[in-house]
Protein chains: 2
Amino acid sequence: MRDRPSPTTRGAQPTAVSLDIVVCAPHGRSLSVLLVRAAAGARELWMLPWAWSVPGDAPDDHAMRVASEALGAKPAWMTQVGAIGNSRRHPGTAALSIGYVAVTAVRAKAPPGNSQWFPIAGLPALAPRHAALVTSAQLALRERLDTAPVAFRLLPATFTLTDLQEVYELLLGRRVHKASFRRSLQAAWLVEPTDEWRSEGRGRPAQLFRYAPRKRRGGRRGVRFELLGG
Amino acid sequence: MRDRPSPTTRGAQPTAVSLDIVVCAPHGRSLSVLLVRAAAGARELWMLPWAWSVPGDAPDDHAMRVASEALGAKPAWMTQVGAIGNSRRHPGTAALSIGYVAVTAVRAKAPPGNSQWFPIAGLPALAPRHAALVTSAQLALRERLDTAPVAFRLLPATFTLTDLQEVYELLLGRRVHKASFRRSLQAAWLVEPTDEWRSEGRGRPAQLFRYAPRKRRGGRRGVRFELLGG
DNA sequence: TGACATTAGTTTCAACACGCGACTAATTGA
DNA sequence: TCAATTAGTCGCGTGTTGAAACTAATGTCA
């Protein structure tokens, strides 16, 4: 039996493993993804930031360093989105890739050297494995939106409730009703108001809030079958 | 820069990668996990079924074969739960492990050779990486309970609604209310009744149902912040 | 055989959450 | 001073939820 487990590395077939990161930031009403220029002669001009995995190195830490290097700053949040093998081509011909999604707040300055932001809906051609990762990353963000503070990491430390709502709409891909959104937010004790207000040209100034989760409301709700159809 | 992306495998440091699978089945009111006996001289007597990754091989397919071999049958459902590196010891000293969780219906016959079921709350000592994977696997099952037919894959083709409810309680780790559970189930059009009834000793016989999802109810609901506390 | 325990399945109701439109509030600019 | 614009709230109709009480069908045992 070729694959019988063994207590040693005997039988192991070393694999070239890459860590590939989808770094996201909001840009207006759309998400942007950070790409780096590929080496001359590559089949695509752009690719996700990635690096070869180092055997003795914790992949999550390493991936964070790769993202930080491409972004010029440490991302505010990051998580794995899955491993992909040779079914789709990788730009560096890695046999196996571990995908990550990272988010960062609204960007102030341009990214370093050969990095550049692209709107997620208008990406240049990517190697198939990278294209698949972008899709997985977007799904992962949407899925974790209500179990991890993803939306807050896409915003600066203080923000208006309209800012927050726009991030939710961005990630969910649909509009949300203002009153319902604020009612739910208040019930969850996730934000607290600051003393500051922001006036954005016309209209009433908006109060600034900060992310300050208070307590776990033991709101265990009923089983939800809705997403299971089909 | 050590990790600069490259369009070739130059610079790649080949890694010994393992595929490790947490195979789960319900047993009474608890989940059981399939373990295999480790080779003589290993630090732990038991381990999760695992195999070395093969570079040219799709990891998901390969993991399914590993699970099938340990179980003696093909699992009914399987998904990745994440990659872990050297921060925790692997029984085969793999530098990197890709974890999977698989589920199968109530087991009729014993598993082959050196495989054995253990209740998830009373597992023997496992290598730290395997122990962490079991925890991740349980979390992953709970998370996907409402987006994948996990619960139905833990049951035979026909089942009573009480069976189904007990699987949900098993995976959620809490009791659910009978009437609410059935109401939600009916609204989601996930099961259909058969003509058969099962009499289990005392009490009124229960009707048998089968998994037969009908339509997608486009039930887009409000934003849910409840799980974000703390 | 008939009361009772046991398990399956339904009904009912109060409380709450949600979608939604309409409302008030504070500011800029004409 | 008034319209336009954006922020934020209120109230109502409706649907969902948790909970308990109810009916239904079977086996057990005196």
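Just so it is clear, the model here is predicted, and its values are computed rather than measured.
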Sugar-phosphate only, base, or nothing, as touched by A:T160 at under 4.0 Å among non-hydrogen atoms: nothing

Touch class at under 4.0 angstrom, heavy-atom based, for B:E200 against every strand present: nothing

Which nucleotide in D:dA7, D:dA19, D:dA25 has an atom nearest any side-chain atom of A:K178: D:dA7

Salt bridge flag under 4.0 Å for residues A:R89 and A:E44: yes

Interatomic distance where CG belongs to B:D163 and C1' belongs to C:dA8 [whole Å]: 12 Å

A:Q186 CD - C:dA17 P separation (whole Å): 13 Å

Length of the CG-C1' vector between A:D146 and C:dA17, whole Å: 16 Å

Distance, rounded to the nearest Å, where A:R202 contributes CZ and D:dA4 contributes P: 13 Å

Nucleotide nearest A:P205 when distance is taken to its side chain, options C:dG9, C:dT27, D:dT17: C:dT27

5'-most by nearest nucleotide on DNA chain D - A:A179 or A:R204: A:R204

Sugar-phosphate, base or nothing in reach of A:A206, heavy atoms under 4.0 Å: sugar-phosphate

Separation of C:dA26 P from A:L208 CG (nearest whole Å): 17 Å

Contact under 4.0 Å: A:T162 side-chain N or O vs D:dA7 OP1/OP2: yes

C:dC18 phosphate, OP1 or OP2, under 4.0 Å from A:S180 side-chain N/O: no

DNA chain C: 5'-proximal contact among B:F209 and A:R183 (nearest heavy atom): B:F209

A:V33 side chain near A:L48 side chain, heavy-atom distance below 4.5 Å: yes

Given D:dA7, C:dC20, D:dT5, the nucleotide with the shortest approach to the side chain of A:H177: C:dC20

Side-chain N or O of A:R182 closer than 4.0 Å to phosphate OP1/OP2 of D:dG8: yes

Nearest-Å distance for atom pair CZ/C1', residues B:R198 and D:dG27: 17 Å

Gap between atoms CG and C1', on A:L161 and D:dT9 respectively (whole Å): 12 Å

Length of the line joining B:E166:CD and C:dA8:C1', which is rounded to integer Å: 13 Å

